[in-house]
Amino acid sequence: MAAMLERSFIEICGFERETLHRVREVTVNLGLTALPGGAKFPSCAGAFHYGESGNLLSVTSNRFIHWSTSGDTVQLVEQSLDTNLLNNAVKLRFTHCTVLPGGVHIQETLNNVIILICTSQTVHRMVLPHPTRMYRSELVTELHMQSIFTDVGKLSLLDPSHSAIIPSSVGHTVGPTTSTAWLSHQGEAHYALASPAGAIMVMTLPPHDTQGNVSVLELKRSSVMQRLSGWMPTAIRGEQGPADLALSLAVRELEDDSFIFALCHDHKLRMWSFREQSCLLEVDVLDYMPVCKGVKRLSGQGHRLRLAFSSTTGLCVCVYLAVPGRGQFTVLQLVANDNRYSFEHISSLFNTQETLVDFALTSTDIWGLWVDDSNTTIVKYINFEHNSAGHWNQVFVQPPPEEEVHIGVDQDPRETYLEVLFSPLCFTASAIVKALQIYRRGSERITDLSWENLKKEVTVAVESELQSSVTEFEFSQEEYRQLQVEFWSKFHACCLQYQEALSTPLGLTVSPHTSMVCLLRKGFISFLLPCFAVDHLYLSFDAYLLSEEETPITDDLEGGRDVLQLVQCLRMVSDAVSGEMAYEMEKALEHLESPEKAAELVLENMLSNDNDNVIEDIQNKLQDIRNPMVAMIVLLRELDLETDADIAGEGPIAPGLNTRISLSQLYGSSSAVSVVCQAVYHMAMTRALFCRDLLILQKLYLHFGDNVYLGGGAQLLQLQQDLIPRCSHLLSSYHLLKHISQSLTSSVPLDIIDDNLQHLTVLELSDSPALSTNRSVLSPQTVVELFYQTVARKIIVSHIYSQQQSSSLLLWPHMVSSVVQLLAQLLWPSNPGFHFPECLMANCQYTQLQEYVRLIGPWCQVNIGSCRFMLGQCYLANGEGQKALQCFQEAATEVEKEEFLMRLSGTEEEEAASSPRLQYYNKVLRLLEDVGLPELVIQLAFLAKTEAANDISSQAALWTRIFKHHLDLGHNNEAYEALTLNPDSSMQLDCLRQLVVVLCERSQLQDLVQFPYINLHDEVVSIIESRARGLDLLAHNYYELLYAFHVNRHNYRKAGTVMFEFGMRIGREVRTRLGLQKQVNCYLAALNCLRLIRREYAWIVLPASGAVYERPGASPKRNSDGELSAKPVKRQIDILELKDLEKEYILSRSRLTLAQHHLPSAAIAGSATAEEMVALLVQTGLFDSALSLCQTFRLNLSPVFESLAFKCIKLQFGGEDAQNEAWSWLAANQLSTVINTKESSATDEAWRLLASYLDKYPSSNGQHHRCVINKLLSHSVPLPDWLVKSYKAMDAPSLLRLYLNFDLLEPAAELVLEYVDALLGRGHQYFGIERPLSATSSLVWLPYTSIDQLLQSLSESQTNSTICNKVRDKLEDYHKLVEKTTRLRLVAR
């Protein structure tokens, strides 16, 4: 229900929280000297409200300027309730001048805001730009805007066109005593000054944009006005008595004339026409006083005059006569008949207050500001037309902070005092700073400190003072506590004094456009808000309660009387509750104890300490209430802020962009935020006391029983079972509101903000209205202010706009009451909305959110699950994961019941078929994953699995989550188990692939190989194979893993195939020594595998060279034209047996040997064939390996021998360097172990190696010898004897042909001679001839063709004739023997 409003108002202070308010100072010095004996005027204040301040669409909406004067200074501040104004304060100091009462007047034109100032010696004009002309666009969307005072430093206040010196009156050394000023329609600035001689001097400055001279007029009672030229008046002055002295001046422009109203010392009210230059009307105000005896002897210094104009009532004049003990307000209305004017008496109102500070007149009301003898501020207002009884309406002014600070036994004095001092609702920063400066004895100036730094400075100052006063080194804890209390109370008292000084009231202002009432104090400005009816009843003075007969809370007259009687009893209970018991009750609520039990304890204390018979008085009062139960129900209903209406509804969209932008800024400035939230705090504080006293009174009813209430036991039962629990619930609720209104926000580091934003994104709450960059500039800021600024204001303004038209939107009393009421309802814990905790979470206020959930836990039954979820978020932020998980589980039971949890669980497309609780679990699982708590994810996933009993896809997703996090934690067995239990085959395959990859990366291959993989064997093999074929060979060991996998399962042929493929790829892709070593090992492992199985099965399929291995899901390959490439032609399958594998092994080992001795060869050896490898090996000198390779692949050995022969030639004719280099390759070959007694050279060793190879690898026809001799002879190297000897015995004719080929005639001739001798029986064993020529031996033969060639060559040479003859002779001998032998053989036949 909507809250009822009473006629009273309550003051809400707009404290500033900056340690140093940034005010620019401007000094104006016209070179004057101070007047001798110049009068001192009291400080005063006033305000100017823009004409469009009540228009929502105007840039000046809710915008005003207030000022205060003190001696020679004027401080001007522009303030807005919608936006924060920058550079909005300026202080003007007028040297040797005093600002006059009423000396500041502000008026606006279309383009400018003009400020007129009157001092005791000068008048000034400031021309500032109008806000509507300051901004380029009509659409102002910023939270911060420049004030009209931004460029005030550029103004020239000494310019003669904007400043003038008041001419001094003849015979008078004092300046004017009061003044007023106005701006004419022509733009001229007029200053009306009350001359000490009794006349009114009017100074006129020409319009600011035209040239002209200053003119001075003097208005006298004789109605004669003489124009003065220059500065000196020339009119003939008559004697003016002091009775003509104007005490208060006011001016109003009507039609084309300006009327100056003067309240004079003789109690006459005179109206002067500026145009006619005459006094048009004069009345004696004493005529309107019922008793005027002795009044004429008063000095009249406190008399005041105010004007108010409206289109309905015309011009009204209110005169206040300061009569001791009985001040009177007289309201007169100006009436015009045929150009004749008269005053019509409207009302005379009396007040008994002593000292009037200021009053304001509106078209219907008089607002008064007084200060009584105890310096207490009193504000009242009254309707002067419809109040025949003369009852003034109350304004509940904020009392000063409590002088006594109650410190509990379990509390630290320092913490308690700091909490009181730095509560955002008690002391202004200025008061604390000034107290600190005094406490430090002005040793150093306070710089611009933050609120937290100021708190540290205060703590250091007080503690330092305490330490310096201690003279003893040892004292008890209680003595130290007393010292703390003493010094902190001293500083607190100092703050109280400065706070009281800053709270001195200076003025009152009422906006004619928005009806906003502000109280202008010395150090700050406060706002008057309409008081709700229930608050009005509790706060009203006893005299008002006794005088009222009805209340807007109920329409029933009898019920209204009962309510008033009951409230009077509550006031009596409130007075009877001691401060100590009030503190105990507060602590009981803080510690979540039962409010009912706490009220019983308070009641027991009251009954036992009732020395003044208060209980008896209450009992007598209670007996006057006819139906107390109904009265209590009425009050409880009014106190309850629970509502079924959807406050958070967006409402209709504003029709225009201008309206939407204006609504987005409405009441968004730091001032408005502070005022609205402090109003909620004061409401909560007042109503918490109300509920406390009502609960005590209800317990007192039960205590009295039928002695007080004759309604019977049924009514008492209703009281006990219904009304007392309701009151207890309300007390807890308002205590909660009071707590959060005082709770300050915490500053949050940027990294935590980023993390929180990421968490909200995971929860899909990042578009929440709680996330806003338009932070308030208040520092420190309460959590309620944070909530109002970021979330609530938008909701409230939208709601209000949907309920009413914009034309009435900016009426302050109605608007601010609605805002405060709606904000309190948004904060009310029993309402279904959950915006406040969500705002705290979004802004990382975890400590405050935890405390909020703690305070509402025992008694609030709304949003239980949402609160548990929020508490879980807090625990997560604090690193308490297990507690967070417990809270998330508890919140799951409320998912389908609470709006926040339903919004959190959402309706995602892929989860539309899932239950809300399962969707909630998924969100929380994502959150826990984002925070990085895999253990908790696993626990919650198992819990969520029970919700997905019939949902296969959800179960699969949960098992996948469980697998993933077990795997991340290194729980390999649990991860495998989760994998096998996954009902979705595709997800299972994905998990399997991840398991393989992760365990390989961690080198946990033992686990990977030993898992049973039931029904997953082929998938595992396929995964490992695809990984092996698709990744870098040396960086990943998937082939070796697959080999181990097959060996572990005794599938040796598969294992051999894997290793052979591995070796093949290494040979193609890794052309390094390491790669060749790896290849050798692979082939060796493959050989071992095949040797472990039966020979008929010892074969493998040769992997296709350069084959493309297609991975599942890979995109199809395209050619350069973009067309799909043709599939590769399938090749014939090649089978490799064990012997083939052995050949590959030997070839790879040869490659490795080559790379080990000649590293650059590794790049080309990897793909070299056997023939190519032989060439590479012999080139490097690895003849053993080359010969072994040739034998394995059945290659010709001649290239090896030729190469070795060439190396021998090079060594024989090379130098020492060649000898040294030869030892390296000689060492790589296995020399025959022959004992040599003499030292041998590398050449000798090389020849010996060649000889050993010729012996070791014989050929059937001496091919190896022939190629060696051919190589030697081709290089003209003489043949070694051992080689000739060896070859002679093997194939002498071939040796002869070689000699002839190289024209070696002499060795050839000698060989023929020796060979013929051997045939003849001399040395036949050296030529391999078993038996020489004889009749009984086997047949022999001679190479006649070669011999013929020899003889031919010898005969052609003159030098070889002798040898030729020898050969011929030897042949003849041979032929003779042949002939003889032939005959003998023929005979033998």
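Taking Thr847 as the reference, nothing meets the side chain to side chain donor-acceptor pair (under 3.5 Å) condition, with sequence neighbours excluded. Under the rule for a ring-ring contact (aromatic ring centres under 6.0 Å, His included), Tyr846 has no partner lying at least two apart in sequence or in another chain. Partners of Asp968 under the side chain to side chain donor-acceptor pair (under 3.5 Å) rule, at least two apart in sequence or in another chain, are Lys964.
Counting heavy atoms from C-beta outward, Phe787 and Leu840 have side chains that stay 4.5 Å or more apart. You'll find the side chain of Asn922 reaches within 4.5 Å of the side chain of Leu958, heavy atoms only. Between Ile432 and Phe422, some side-chain heavy-atom pair lies under the 4.5 Å cut-off. For the pair Met902/Tyr920, no side-chain contact is recorded, criterion being any heavy-atom separation below 4.5 Å from C-beta on. For the pair Phe900/Met870, a side-chain contact is recorded, criterion being any heavy-atom separation below 4.5 Å from C-beta on. The shortest distance between side-chain heavy atoms of Tyr875 and Leu885 does not fall below 4.5 Å. For the pair Ile952 and Asp984, the minimum side-chain heavy-atom distance is 4.5 Å or more. Side-chain contact between Ser741 and Cys677: absent, with no pair of heavy atoms (C-beta onward) separated by less than 4.5 Å.
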Please step through side-chain contact (heavy atoms from CB on, under 4.5 Å) for the pair Leu731 and Met585, ending with a clear verdict.
CA-CA 11 Å; Leu731 175 57; Met585 187 102 181; 3.7 Å; yes
Would you please test Trp959 and Phe942 for ring-ring contact (aromatic ring centres under 6.0 Å, His included) and show each step?
CA-CA 8 Å; Trp959 278 119; Phe942 274 110; 5.8 Å; yes
Give the C-alpha distance, both sets of side-chain angles, the deciding distance and a yes or no for ring-ring contact (aromatic ring centres under 6.0 Å, His included) between Phe888 and Phe869.
CA-CA 5 Å; Phe888 292 146; Phe869 179 84; 5.2 Å; yes
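For the atom pair CD (Glu935) and CG (Leu928), the distance works out to 10.5 Å, reported to the nearest 0.5 Å. To the nearest 0.5 angstrom, Leu876 atom CG is 9.5 Å from Cys887 atom SG.
Between Glu899 and Arg903 a salt bridge is recorded (basic side-chain N to carboxylate O distance below 4.0 Å). Remark: Glu590 does not engage Lys587 in a salt bridge, criterion side-chain N to carboxylate O under 4.0 Å. A salt bridge is absent between Glu898 and Arg868: the closest approach of a Lys/Arg side-chain nitrogen to an acidic carboxylate oxygen does not fall below 4.0 angstrom.
Taking the six-membered ring where the residue is Trp, His492 and Phe427 present perpendicular rings, their angle passing 60° and hence far from 30°. Ring orientation note: the planes of His735 and His739 are close to parallel, at an angle under 30° on the 30°/60° scale.
Within 6.0 Å of atom CD in Glu402, 12 or fewer heavy atoms from other residues, nucleotides or ligands are found, so the atom counts as exposed in its surroundings. Within a 6.0 Å radius of CD in Glu977, no more than 12 heavy atoms belonging to other residues, nucleotides or ligands are found. In Glu419, the CD atom is not crowded: 12 or fewer heavy atoms of neighbouring residues, nucleotides or ligands sit closer than 6.0 Å.
Minimum heavy-atom separation, Leu918 to Ala948: CD2-CB, 3.9 Å. Taking each heavy atom of Leu436 and Ala461 in turn, the nearest pair found is CD1-CB, 3.5 Å.
Defined by atom type and a distance below 3.5 Å, a donor-acceptor pair is missing between the side-chain atoms of Glu851 and Ser743. Checked by atom type, the side-chain pair Tyr788/Arg793 shows no donor-acceptor distance below 3.5 Å. Inspection of the Ser674 and Gln678 side chains reveals an N or O donor paired with an N or O acceptor under 3.5 Å. Judged by distance alone, the side chains of Gln886 and Glu890 do bring a donor and an acceptor atom under 3.5 Å apart. A donor atom on one side chain and an acceptor atom on the other are found under 3.5 Å apart for Asn878 and Gln850.
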